[in-house]
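Remember, predicted model here, so these are calculated numbers, not experimental data.
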2 protein chains.
Amino acid sequence: MDKQTITIYDVAREASVSMATVSRVVNGNANVKPATRKKVLDVIEKLDYRPNAVARGLASKKTTTVGVIVPDVTNMYFASLARGIDDVATMYKYNIILTNSDSNSEKEIKVLNTLLSKQVDGIVFMGNEITEKLREEFKRTKTPIVLAGSVDDEGDNPSVNIDYVAAVQEEVKNLIDRGNKRVAFVCGPLDQAINGKYRLKGYKQALKSAGIAYDDKLVFETDDTYKTGTLLQPALMAVNATAAMVTDDELAAGIMNGMSDADVKVPEQFEIITSNDTKLTEMVRPKMSSITQPLYDIGAVSMRLLTKLMNNEPVDEKNVLLPYGLMKRESTK
Amino acid sequence: MDKQTITIYDVAREASVSMATVSRVVNGNANVKPATRKKVLDVIEKLDYRPNAVARGLASKKTTTVGVIVPDVTNMYFASLARGIDDVATMYKYNIILTNSDSNSEKEIKVLNTLLSKQVDGIVFMGNEITEKLREEFKRTKTPIVLAGSVDDEGDNPSVNIDYVAAVQEEVKNLIDRGNKRVAFVCGPLDQAINGKYRLKGYKQALKSAGIAYDDKLVFETDDTYKTGTLLQPALMAVNATAAMVTDDELAAGIMNGMSDADVKVPEQFEIITSNDTKLTEMVRPKMSSITQPLYDIGAVSMRLLTKLMNNEPVDEKNVLLPYGLMKRESTK
DNA sequence: CGGCAATTTGAAAACGTTTTCAATTAAATC
DNA sequence: GATTTAATTGAAAACGTTTTCAAATTGCCG
């Protein structure tokens with residue numbers, strides 16, 4: 001009645017060899033005579049034997065599974081990273097356990113611990129606000145953890161990112177050069193280092209080199225959602241902004257639609273630049289100009305880095321910066 | 001040097017009880033004297049003991065992990081389902097191994113087997129073209145499998161969907177009632193049952209009850225991508241269509257933008273209705289009218305159904321149909 | 001054909017839990 | 001206080017692999 005599983009032992013008996021030998025052929029170990037290998041392979045075929053990965057994991061202390069912690073798969077930015085991660089994971093014979101944290105620190109800690117209890121061989125973490133508590137949990141484990149599209153200068157985890165400050169600085173400079181005296185900076189939570197420490201810094205630097213005074217009325221800290229974006233038009237107008245550097249595509253789409261709905265012409269009366277270059281930028285009208293990030297690659301490279309860490313291979317650069325670009329579309333002049 | 005793990009045995013020794021007792025308190029078994037429980041709990045705390053889920057899985061034959069097979073997480077439709085799945089999985093203390101199949105039958109089979117070898121307790125499958133080969137693999141295992149947002153009338157797997165034929169029929173009827181004589185049906189691959197057997201059926205039924213002859217020049221079989229959508233305008237005009245029922249939101253967005261770019265006014269000159277009600281429908285201008293599907297809920301209900309199956313609880317309805325709706329936005333008159 | 005090295009094999013001990021079943025202890029009854 | 005019954009405990013056998021180490025076999029050379 002019960003799913004009668006056939007074990008390595010059954011194969012061994014049927015092929016009249018030892019379990020060890022079966023294990024060897026299953027794992028492609030070279031030290032087995034061709035004739036024996038064939039005999040075993042035939043029995044495996046005949047019995048339709050499939051190794052039990054759990055038992056394997058217990059005996060070998062490797063699960064060929066990695067954990068992926070993501071704020072929300074429903075967000076295109078993270079979905080793209082996740083896809084990159086899964087693809088190279090598959091390439092290296094790993095599977096991923098995917099968990100959504102909602103950027104909630106407690107959830108992150110909880111899920112991190114359940115991943116560790118499941119003995120994942122490594123973890124890819126996404127999410128930018130890394131609390132002291134979480135950092136401690138990171139340090140507690142010997143399981144390698146890499147940050148993907150996420151920064152944390154207090155900790156010392158390997159990471160894969162782009163140079164956020166340079167990218168933002170460059171784009172804001174362009175905006176200023178085009179005559180915008182008052183450029184708004186619309187971002188997600190500032191306590192996330194990626195916004196508060198990096199992007200904001202780029203924004204300030206651009207201002208500074210243009211000799212424009214920093215005005216904190218021009219920075220809008222939001223929750224990164226489309227909805228919030230649609231509501232921002234009045235506030236943006238109230239501070240006489242004529243352009244905005246936005247840190248999230250959905251947020252930017254919201255702002256742009258809010259502008260259009262209020263009959264503010266983009267880009268004629270208001271320019272918008274966004275940051276993540278998800279496919280949304282192309283779907284919206286006008287199409288949004290964006291900093292381009294190799295999203296898929298950030299995920300892919302993170303996972304590749306993780307494989308090295310898991311195999312104790314040397315890594316040349318712990319904190320890799322992938323190249324970014326600037327894609328001009330229709331939301332800028 | 002090595003991550004010196006502390007085992008249940010260490011706890012047992014330190015608390016001077018047996019492993020069995022420690023196991024009991026860890027698993028919340030009631031048969032243990034309060035005083036003993038406290039003593040053990042204290043030692044667990046002190047030693048920072050964390051149960052090894054792999055060993056647990058081997059001994060108990062339960063991994064509290066379920067597999068999720070999805071064509072592509074990067075697609076909002078599936079991302080939403082996946083999110084619903086993960087949330088209720090978490091609620092029931094499961095984790096999900098997420099794998100992308102690219103709707104590739106070979107990959108699906110391969111990944112299904114690796115999931116099974118990892119001893120997942122159940123599987124949620126998404127993807128509509130279920131080949132005979134895949135169906136056989138489904139039948140081979142006793143591990144419960146539920147189809148989420150995916151149909152297969154040849155097999156007998158539990159599933160969660162909406163009534164696609166009724167939904168499409170209703171929307172196409174509305175289109176016709178509004179005066180459209182030539183309504184196009186733009187869909188993904190027709191060999192996917194959801195398109196070829198269900199939605200197309202609804203389309204035909206609507207035509208029939210309106211006394212309009214079916215014209216296969218009006219059905220456009222595509223690959224479901226935004227890009228393809230943008231290219232469809234000439235073909236649609238060529239057959240004198242004045243409206244389209246589209247089976248995918250990204251595809252619909254592409255068509256709409258293609259129309260706009262060719263100066264065909266939506267909805268005045270061309271009406272568009274889409275099928276998945278992802279948040280994209282709201283982000284695009286004009287906003288797209290859509291069949292509304294409770295995406296998150298389809299995922300959530302699938303997972304809930306799976307938990308019942310995994311616990312051998314009785315299920316009242318194997319093939320659940322969730323309610324759909326019709327959301328009028330700006331792409332229809 | 002004997003001796004030695006290299007190649008193949010197998011026995012058995014991990015791996016860290018859960019679970020069964022019997023033994024022990026505590027509680028209840030008269 | 002002696003029995004009976006119920007509640008707690010522990011010993012040890014799974015669970016299905018990998019891995020170590022020694023034994024057996026094979027091949028090679030002179």
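Taking for each of B/Ser60 and B/Ser18 the nucleotide of DNA chain D with the nearest heavy atom, the 5'-most of the two is the partner of B/Ser18. Each of A/Pro34 and A/Ala20 was matched to the nucleotide of DNA chain C holding its nearest heavy atom; the match closer to the 5' end belongs to A/Pro34.
Nucleotide D/dG16 holds its C1' atom 17 Å from the CG atom of B/Leu116, rounded to whole Å. Look at CG on A/Asp10: it is 13 Å from C1' on D/dT17, rounded to the nearest Å. We find that CE of B/Met19 is positioned 11 Å from P of C/dG16, with the value rounded to whole Å. Regarding A/Lys61, its NZ atom lies at a distance of 12 Å from the C1' atom of D/dT18, rounded to whole Å. Rounded to an integer number of Å, the gap from B/Lys39 NZ to D/dT9 C1' is 10 Å. Atom CG in B/Leu58 sits about 9 Å away from atom C1' in C/dG16, given to the nearest Å. Atom OH in A/Tyr49 sits roughly 7 Å away from atom C1' in D/dT17 (whole-Å rounding). Residue A/Asn29 contributes atom CG, which lies 14 Å from atom C1' of C/dG10 at whole-angstrom precision.
Relative to the side chain of B/Ala55, the nucleotides C/dG10, D/dT18, C/dT17 differ in distance, and C/dT17 lies closest. Considering only the side chain of A/Thr21, C/dG10 comes nearest among C/dG10, C/dA13, C/dT8. You'll find that the side chain of A/Asn27 is closest to D/dT18, out of D/dT18, D/dT20, C/dT17. Taking only side-chain atoms of A/Arg56, from C-beta outward, the nucleotide of D/dT18, C/dT18, D/dC21 with the closest atom is D/dT18. When the nucleotides C/dT17, D/dC21, D/dG16 are ranked by their closest atom to the side chain of A/Arg24, D/dC21 comes out on top. If you check C/dG16, C/dT9, D/dG10 against the side chain of A/Lys33, the one that comes closest is C/dT9. Checking D/dG10, D/dC15, C/dG16 against the side-chain heavy atoms of B/Thr7 singles out C/dG16 as nearest.
Among the protein residues, A/Asn31 comes within range of the nucleic acid bases, having at least one heavy atom under 4.0 Å from a base atom. Residue contacts for B/Val17: at a heavy-atom cut-off of 4.0 Å it reaches the sugar-phosphate backbone alone, with no base atom in range. Contacts of B/Arg37 with the nucleic acid, taken as non-hydrogen atoms under 4.0 Å apart, are absent.
By the 4.0 Å N-to-carboxylate-O rule, A/Lys39 lies too far from A/Asp42 to be salt-bridged with it. Between A/Lys139 and A/Glu136 there is no salt bridge, since no side-chain nitrogen of the basic residue lies less than 4.0 Å from a carboxylate oxygen of the acidic one.
Not one side-chain nitrogen or oxygen of B/Thr36 sits closer than 4.0 Å to the OP1 or OP2 atom of D/dT8.
Side chains of B/Asn113 and B/Arg140: a donor-acceptor N/O pair is absent below 3.5 angstrom, by distance only. Looking only at atom types and distance, the side chain of B/Lys118 has no donor-acceptor partner in the side chain of B/Thr65 under 3.5 Å away.
With hydrogens and angles ignored, the 3.5 Å screen pairs no side-chain donor or acceptor of A/Asp87 with any backbone N or O of A/Gly84.
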Carefully, step by step, assess A/Arg83 and A/Ser80 under the rule side-chain hydrogen bond (donor to acceptor under 3.5 Å, both in side chains). CA-CA 5 Å; A/Arg83 186 62 215 261; A/Ser80 299; over 6 Å; no
